[in-house]
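To start, the structure itself, in structure tokens.
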Amino acid sequence: MTTAAFQAPKGTRDFYPPEMAVRRHIEDAWRRISIRHGFLEVDGPTFESLDLYKVKSGDEIVSQLFSFTDRGERDLALRPEFTPTLARMIAQRAAGLPRPVKWFSIPRCYRAEQPQKGRLREFIQWNVDVVGEAGPRADGEVLNLCADALFELGLTTTDFRIGWNHRELITQALLATFVSAGRLPDAFYILDRLQKLDDRGRRELYAARNCAPTEMTHYEMIHSAIAEGGRPDDSPSLQRLMAAWPQEVTAAITAFQSRLDSMGLAELCRFDISIVRGLAYYTGFVFEAADARGDNRALAGGGRYDRLIETFGGPALPAVGFGMGDVVLEILLRDHGRLKDNLLPRADIFVISTLDTPDKADRLISDLRRSQWNQDHTLIVHPGYHVQTSYRATKNIGKLLQEAAASGAAAAIILAPDEMSRGNVKVKNLFDRTETEVSITDVRQTVRSIIQMSARA
RNA sequence: GUGGAUUUAGCUCAGUUGGUUAGAGCACGGGGUUGUGAUCCUCGGGGUCGCGGGUUCGAGUCCCGUAAUCCACCCCA
């Protein structure tokens with residue numbers, strides 16, 4: 001064996017079978033849940049024209065992209081996210097799409113950044129968007145889907161939290177209480193960092209942003225409100241804050257929280273004024289999912305961006321969506337013990353033969369793997385089995401059974417001269433270790449019942 | 001882009017003040033015990049010690065550079 005001369009590029013991963021199985025596990029859950037909520041899958045090119053990314057984020061983004069020039073002098077970049085592609089696709093066909101458009105995608109994305117915990121240069125990001133539907137119903141719908149995917153992967157309300165906010169509403173509330181219009185950008189900057197800093201850090205932040213005493217008092221009250229759980233009913237700080245807010249603002253906040261409550265998300269979701277999602281393009285509702293223990297970076301984030309489709313040359317269409325990356329998600333699943341040690345596919349049946357010729361085993365294996373159709377050949381009445389066998393020359397049944405057990409099979413079928421002389425084979429249940437001798441024509445039936453039993457266990 | 005730590009077999013790790021042909025466990029593969037998953041016995045493959053330079057009679061070991069990994073910072077769509 002020689003030392004590999006090459007290694008995977010910085011910030012990328014190789015997916016050997018165990019890692020690939022974890023990735024499949026995650027992607028399958030995303031896909032399954034998206035479809036269950038009525039979303040359709042789309043994809044686009046892995047690279048787009050560089051200008052597409054400048055439209056939304058300006059020139060400074062280029063340094064964070066993997067970009068290149070093709071032989072026709074076109075400036076291109078590997079996609080750092082899917083949203084521009086989505087917006088482009090919607091803009092191109094906006095006239096003909098039934099509304100609302102509910103799409104999801106599971107693209108590989110690329111960012112030329114310094115790798116660190118939860119952040120690589122190549123990653124997979126589940127994207128979900130509802131386009132053409134304004135209002136809190138769609139907002140709640142995407143948040144619910146985000147939560148549902150995490151539940152589907154085995155996480156519980158003790159593992160993660162979702163915080164939500166509304167940029168428009170909170171702007172009104174700030175303007176009505178202690179922030180002047182000119183100070184809004186500073187206010188959002190401060191809100192974004194409020195929960196990430198300790199007492200001293202916050203004081204330094206207030207000083208750096210030239211906060212007046214009333215501002216500091218308000219920010220500290222907001223900090224307490226979030227720490228107290230973000231529910232008006234049991235947060236005195238939040239009650240005091242909201243008492244001074246315009247009535248329509250508090251009404252909208254209460255209404256949205258009760259919408260979440262009725263979707264069964266009461267424990268999970270909290271109104272969190274500090275979630276502002278840095279990006280300028282969010283126009284209203286924003287939310288973020290994170291580890292309940294406060295470890296790790298954000299699991300998922302999104303919100304409403306009603307001007308986005310216009311920005312990419314389409315009609316004015318309201319939109320709301322979110323993204324969830326595979327890297328942080330996998331770390332969180334592991335941290336909370338929600339990933340099984342072994343997610344590799346397990347065999348249904350392992351076939352062992354100590355016969356001198358291979359024909360009978362080959363025939364049996366082939367039959368078992370093939371699906372059975374009904375008479376019209378319109379419907380599979382019984383799908384084929386996942387069948388494995390040994391490549392070893394040995395006729396040592398003990399060793400072969402060991403291999404059978406390692407394959408994860410529920411049943412082993414043993415073809416040996418003794419039984420075969422009677423037209424029979426042995427079928428061994430690999431879970432309870434019992435075995436029966438059956439006619440070779442009855443094998444399929446015997447195996448089926450063993451597999452059904454073990455699937456229940 | 002900046003700083004710290006790390007890098008020896010597929011994995012986890014030993015490797016003495018610099019000294020012969022670099023080791024162990026696990027994993028993997030062959031064989032054995034008269035046809036049942038354990039245990040056991042036996043044999044085997046696999047490393048230019050991350051890469052490149054330097055010091056030295058001699059470098060896995062000391063020095064310099066570089067790459068990657070992990071952690072933190074900047075940034076974060």
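The figures here come from the full heavy-atom set of this structure, side chains too, leaving out hydrogens, waters and symmetry mates. To find a chain, count down the sequence lines: A is the first, B the second, and so on, and within it residues start at 1.
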Q.
Over 60° means perpendicular and under 30° means parallel, so tell me whether A/W164 and A/F285 are parallel, tilted or perpendicular.
A. tilted
What integer number of Å spans the [atom1] atoms of [N] and [M]?
N: B/C64; M: B/C28; atom1: C1'; answer: 40 Å
N: B/U7; M: B/G15; atom1: P; answer: 12 Å
N: B/G50; M: B/G60; atom1: C1'; answer: 12 Å
N: B/G52; M: B/A59; atom1: P; answer: 14 Å
N: B/U69; M: B/U55; atom1: C1'; answer: 29 Å
N: B/A68; M: B/U8; atom1: C1'; answer: 16 Å
N: B/G46; M: B/G23; atom1: C1'; answer: 14 Å
N: B/U61; M: B/U42; atom1: C1'; answer: 36 Å

Atom [atom1] of [X] to atom [atom2] of [N]: distance rounded to whole Å?
X: A/I397; N: B/U36; atom1: CD1; atom2: P; answer: 8 Å
X: A/R13; N: B/C70; atom1: CZ; atom2: P; answer: 10 Å
X: A/K117; N: B/C70; atom1: NZ; atom2: P; answer: 11 Å
X: A/I414; N: B/U36; atom1: CD1; atom2: P; answer: 10 Å
X: A/E288; N: B/C76; atom1: CD; atom2: C1'; answer: 11 Å
X: A/D356; N: B/G35; atom1: CG; atom2: C1'; answer: 14 Å
X: A/K426; N: B/G37; atom1: NZ; atom2: C1'; answer: 15 Å
X: A/D432; N: B/U36; atom1: CG; atom2: P; answer: 18 Å

Could you tell me which nucleotide pairs with [N] by Watson-Crick or G-U wobble geometry, both distances under 3.5 Å, or answer none if nothing does?
N: B/G25; result: B/C11
N: B/G50; result: B/U66
N: B/U16; result: none

Q.
Strictly under 4.0 angstrom, non-hydrogen atoms only: write out the protein contact profile of nucleotides 28-34 of chain B, one letter per nucleotide from the 5' end, B, S or -.
A. --SBBB-
Under a 4.0 Å N-O cut-off, is there an ion pair linking [X] with [Y]?
X: A/D70; Y: A/R74; result: yes
X: A/E122; Y: A/R13; result: no
X: A/E220; Y: A/R202; result: yes
X: A/D139; Y: A/R304; result: yes

Q: Rounded to the nearest 0.5 Å, what's the gap from CD1 on A/I450 to CD on A/Q445? Could you check?
A: 11.0 Å
Checking only heavy atoms, does the side chain of [X] share a donor-acceptor pair with the base of [N] at less than 3.5 Å?
X: A/Q114; N: B/G3; answer: no
X: A/R111; N: B/C75; answer: no
X: A/Q402; N: B/U36; answer: no

(Q) Checking contacts here: which listed nucleotide (B/G37, B/C75, B/U36) is nearest the side-chain heavy atoms of A/E435? (A) B/U36
**Q.** A/A405 side chain, from C-beta outward: closest of B/G35, B/G37, B/C75
**A.** B/G37
Q.
Could you check, using the six-membered ring where one of them is a Trp, whether A/F160 and A/F151 have ring centers closer than 6.0 angstrom?
A.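 Aromatic pair counts; centres sit under 6.0 Å.
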Identify whether any heavy atom of [X] sits under 4.0 Å from a base atom; if not, whether one sits that close to sugar-phosphate; answer base, sugar-phosphate or nothing.
X: A/N429; result: base
X: A/K428; result: base
X: A/Q125; result: nothing
X: A/E403; result: nothing
X: A/L430; result: base

Contact summary for [X] and [Y], nearest pair of heavy atoms:
X: A/L265; Y: A/A147; answer: CD2-CB, 3.9 Å
X: A/L174; Y: A/A187; answer: CD1-CB, 4.2 Å
X: A/V276; Y: A/D192; answer: CG2-CB, 3.7 Å

Using a cut-off of under 3.5 Å, enumerate the N/O to N/O pairs linking the protein to nucleotides 65-68 of chain B.
residue	atom	partner	partner atom	Å
B/A68	O4'	A/Q7	OE1	3.3

Q: With RNA chain B as reference, determine whether A/L120 or A/F431 sits nearer its 5' end, using the nearest nucleotide of each.
A: A/F431
Q: Determine, stepwise, if the pair A/D51 / A/R88 fulfils salt bridge (Lys or Arg N to Asp or Glu O under 4.0 Å).
A: CA-CA 12 Å; A/D51 289 340; A/R88 183 177 62 68; over 6 Å; no
Q: Return yes when atom CZ of A/R346 has more than 12 non-hydrogen atoms of other residues, nucleotides or ligands closer than 6.0 Å, and no otherwise.
A: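 Counting neighbours around CZ of A/R346, 12 or fewer heavy atoms of other residues, nucleotides or ligands fall under 6.0 Å, so no.
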